[in-house]
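Reckoned from all heavy atoms, side chains included, excluding hydrogens, waters and symmetry mates. Indexing begins at 1, ligand by ligand and atom by atom, following the structure's order. Just so it is clear, the structure is predicted and the values come from calculations on it, not from any experiment.
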Amino acid sequence: VDAGARAGGRVSWVSVTPVAFRDPPLLNVVGVHQPFVLRAIVQVHTDAGLAGLGETYADRAHLQRLEAVAAALPGLDAFDLNGLRRVVEAALGASTGGAGASFGGMLDLSSAVDTVAAPFEVALLDLQGKALGRPVSDLLGGAVRERVPYSAYLFYKWAGHPGGDGDSWGEGRTPEQMVAQARRMVDDFGFGAIKLKGGVYEPRHEIETVEALAAAFPGHALRIDPNGAWTVETSVEVAGRLSGVLEYLEDPTPGIDGMAAVARRSDLPLATNMCVIAFDHLQPAVAAGAVQVVLSDHHLWGGLRRSALLGGICETFGMGLSMHSNSHLGVSLAAMTHLAAATPNLTYACDTHYPWKTEEVIRPGVLEFRDGSVAVPAGPGLGVELDEDALAALHEQYVTCGQRGREDTAYMRTVVPDFTPNTARW
Ligand code: GKR
Ligand code: MG
């Protein structure tokens with residue numbers, strides 16, 4: 001058989017389109033979300049006339065790496081995912097000397113291979129699914145659930161961006177305001193789990209918010225994630241106070257050693273998307289007993305198949321598996337939904353920033369939230385279709401918005417000049 005005539009074909013050209021979409025001023029440990037989120041939409045085309053979609057971050061250094069890979073991909077067989085990794089390793093070696101990657105002031109990786117490979121892997125899987133007439137979840141072993149539950153992701157927030165008109169969510173500061181924010185999320189989307197982004201105010205205030213949520217939403221699964229804002233002592237205290245209220249406590253304190261110290265003195269399961277963010281963090285975390293739930297993220301872990309591998313490792317070592325998120329568009333939501341559907345041990349509701357978003361690049365109708373969950377798209381591949389006009393408009397917004405990276409801390413300092421990120425402060 002001529003390899004060029006195989007289903008899927010060979011990569012003929014690749015585009016990487018940076019886009020910007022509006023985002024409210026959501027607060028976190030390192031600062032506040034800027035007026036726009038930057039994302040990159042990857043499109044991989046083959047000589048079989050097929051195209052696949054991927055989505056990822058769009059910070060300047062990451063974009064340069066994506067471009068280097070895009071230029072090196074033509075000729076790759078659409079089913080050769082191991083070949084993709086070789087191309088990425090070679091392209092990164094040549095373009096960056098193999099340096100690490102940093103995102104949003106919270107996550108630092110010693111290698112960029114996984115984060116750069118991820119959107120291309122998703123695009124190739126989308127393309128493979130289209131070639132075979134099967135959804136991506138089938139390529140990952142088959143969906144074990146028809147719908148994927150997501151959680152309401154609450155943020156303390158300003159009423160509006162400085163100089164702006166404000167948004168429909170209003171201020172999120174007091175427990176009452178946060179209950180109102182949760183009420184709207186639950187009413188509009190039907191979420192059965194609620195996650196509070198913490199690390200913004202003193203722990204006492206954040207505990208009161210969780211307690212107010214527990215009183216207002218009995219029976220909902222609750223989580224708080226201060227992104228490592230607390231000391232070990234504070235984390236142990238909070239865990240004691242909220243034991244029986246939370247389903248898990250996410251990244252109370254930084255580092256594998258810190259998390260292990262908390263875990264030794266608490267019954268509450270600890271989750272992380274900060275101290276275990278790459279395969280080489282798993283062995284030390286398991287050895288230390290640092291985390292009970294790993295939060296996957298296919299954008300960070302090298303794509304959907306590597307995330308499925310992570311699921312297997314968690315199962316092997318008796319750790320739970322959940323999924324966290326970053327601000328994202330519908331291509332990512334589709335990929336997250338296929339992955340979660342095909343991962344048997346992903347039994348927690350996944351996080352999503354989706355409700356905060358007012359702009360989109362895919363055509364409507366496929367990714368609807370009902371009862372807090374999204375149905376696994378049934379169409380071939382990811383099952384979503386790009387809206388070319390919307391893509392062009394959000395690209396234009398990227399060109400004119402002036403942002404070229406995620407800078408939560410710098411943006412916060414334009415309002416609070418002496419702000420410092422709160423890591424392990426309280
Ligand atoms: O959007 O500010 C945010 C979140 O804090 C995000 O950056 C985190 O990566 O949601 C993520 C988390 O669970 O830590
Ligand atoms: Mg987190």
Side-chain angles (χ1 to χ4, degrees), residues 21-39 56-59 62 101-109 115 118 150-158 161 169 172 181 193-201 206 222-230 235 246-255 258-259 269-278 281 285 290-301 320-329 332-333 336 348-357 403 405-412 419 421-423:
F21 66 91
R22 284 170 206 287
D23 199 24
L26 308 179
L27 299 163
N28 63 32
V29 72
V30 293
V32 58
H33 286 206
Q34 296 149 280
F36 296 93
V37 172
L38 308 183
R39 298 291 276 180
T56 180
Y57 322 94
D59 294 57
H62 188 58
S102 177
F103 296 98
M106 279 194 217
L107 304 174
D108 289 302
L109 289 157
T115 45
Y150 285 88
S151 63
Y153 198 163
L154 310 187
F155 280 82
Y156 293 113
K157 67 182 287 296
W158 293 337
H161 284 287
W169 294 92
Q181 190 186 102
I194 300 173
K195 164 171 170 172
L196 172 64
K197 172 73 9 167
V200 174
Y201 297 110
E206 300 191 350
L222 297 181
R223 314 153 185 178
I224 181 171
D225 172 17
N227 286 115
W230 305 333
S235 304
L246 299 178
E247 66 173 335
Y248 57 69
L249 176 59
E250 187 171 328
D251 286 310
T253 203
M259 291 283 278
L270 302 185
T272 188
N273 65 280
M274 295 185 78
C275 70
V276 179
I277 56 172
H281 303 152
V291 294
Q292 289 70 52
V293 181
V294 176
L295 304 172
S296 66
D297 176 347
H298 74 267
H299 307 87
L300 215 57
W301 286 85
L321 181 68
S322 187
M323 192 189 284
H324 89 110
S325 100
N326 268 302
S327 306
H328 62 91
L329 292 163
S332 282
L333 184 63
M336 291 155 71
Y348 295 97
C350 302
D351 294 344
T352 179
H353 286 59
Y354 213 62
W356 295 108
K357 186 189 65 52
Q403 290 178 213
R406 183 174 169 187
E407 303 278 1
D408 295 21
T409 306
Y411 185 48
M412 177 62 109
F419 175 82
N422 293 327
T423 304

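Residue His324 holds the heavy atom nearest to atom 11 (C) of ligand 1 of all those in His328, His324, Glu250, His353. In the candidate list Leu300, Ile277, Asn227, Asn227 is nearest to atom 14 (O) of ligand 1, counting heavy atoms.
Neither the backbone nor the side chain of Val29 has a heavy atom within less than 4.0 Å of ligand 1. Contact annotation: for Leu295 versus ligand 1, there are no heavy atoms closer than 4.0 Å. The proximity of Arg406 to ligand 1, defined as any non-hydrogen pair under 4.0 Å, is limited to the side chain.
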Could you walk me through whether Gln403 and Tyr411 satisfy the side-chain contact (heavy atoms from CB on, under 4.5 Å) test, starting with their C-alpha distance in whole Å, then the side-chain angles of each, then the deciding distance to 0.1 Å, before giving a yes or no? CA-CA 11 Å; Gln403 290 178 213; Tyr411 185 48; over 6 Å; no
Test side-chain contact (heavy atoms from CB on, under 4.5 Å) on Thr352 and Met323; report intermediate values, then the result. CA-CA 9 Å; Thr352 179; Met323 192 189 284; over 6 Å; no
Determine whether Asp351 and Glu250 satisfy the following criterion, side-chain contact (heavy atoms from CB on, under 4.5 Å), listing intermediate values before the conclusion. CA-CA 12 Å; Asp351 294 344; Glu250 187 171 328; 4.3 Å; yes
Run the numbers on Leu26 and Lys197 for side-chain contact (heavy atoms from CB on, under 4.5 Å), then give the verdict. CA-CA 9 Å; Leu26 308 179; Lys197 172 73 9 167; over 6 Å; no
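In summary, Asp225 places an N/O/S atom under 2.8 Å from the Mg ion (ligand 2), meeting the contact criterion. At least one N/O/S atom of Asn273, whether from backbone or side chain, sits less than 2.8 Å from the Mg ion (ligand 2). Glu250 lies close to the Mg ion (ligand 2), since one of its N, O or S atoms is found at a distance under 2.8 Å.
Remark: the Tyr150 side chain and the Ser325 side chain contain no N/O donor-acceptor pair separated by less than 3.5 Å. Between the side chains of Asp297 and Asn273, no donor N or O sits under 3.5 Å from an acceptor N or O. In this model, a donor atom of one side chain and an acceptor atom of the other lie less than 3.5 Å apart for Arg39 and Ser332.
For ligand 1, the atoms sitting less than 4.0 Å from at least one non-hydrogen atom of Asn273 are 9 (O), 12 (C), 13 (O), 14 (O), numbered in the order shown with element in parentheses. Under a 4.0 Å criterion applied to the non-hydrogen atoms of Lys195, ligand 1 contributes the atoms 12 (C), 13 (O). Near Asn28, meaning under 4.0 Å from one of its heavy atoms, ligand 1 places the atoms 2 (O), 3 (C). Short contacts between ligand 1 and Asp225, defined as distances under 4.0 Å to a heavy atom of the residue, involve ligand atoms 12 (C), 13 (O), 14 (O).
Nearest protein heavy-atom neighbour of atom 10 (O) of ligand 1: Tyr153 OH, 2.5 Å. The shortest contact between atom 5 (O) of ligand 1 and any protein heavy atom is with Lys197 NZ, 2.9 Å. Ranking the protein heavy atoms by distance from atom 3 (C) of ligand 1 puts His33 NE2, 3.2 Å first.
In this structure, Pro24 and Trp356 approach most closely via the heavy-atom pair CD-O, 3.6 Å.
Across His62, His299, His328, His298, a single residue satisfies side-chain hydrogen bond (donor to acceptor under 3.5 Å, both in side chains) together with Thr56, and that is His62. Each of Asn227, Thr409, Val29 was scored for a side-chain contact (heavy atoms from CB on, under 4.5 Å) with Pro421, with one residue passing: Thr409.
The shortest heavy-atom distance from Asn326 to ligand 1 is under 4.0 Å. Using a 4.0 angstrom heavy-atom cutoff, Met274 does not count as in contact with ligand 1.
Once rounded to the nearest 0.5 Å, the distance linking NZ of Lys195 with CD1 of Ile224 reads 10.5 Å.
Ligand 1 has no N or O atom lying under 3.5 Å from any N or O atom of Asp351, backbone or side chain.
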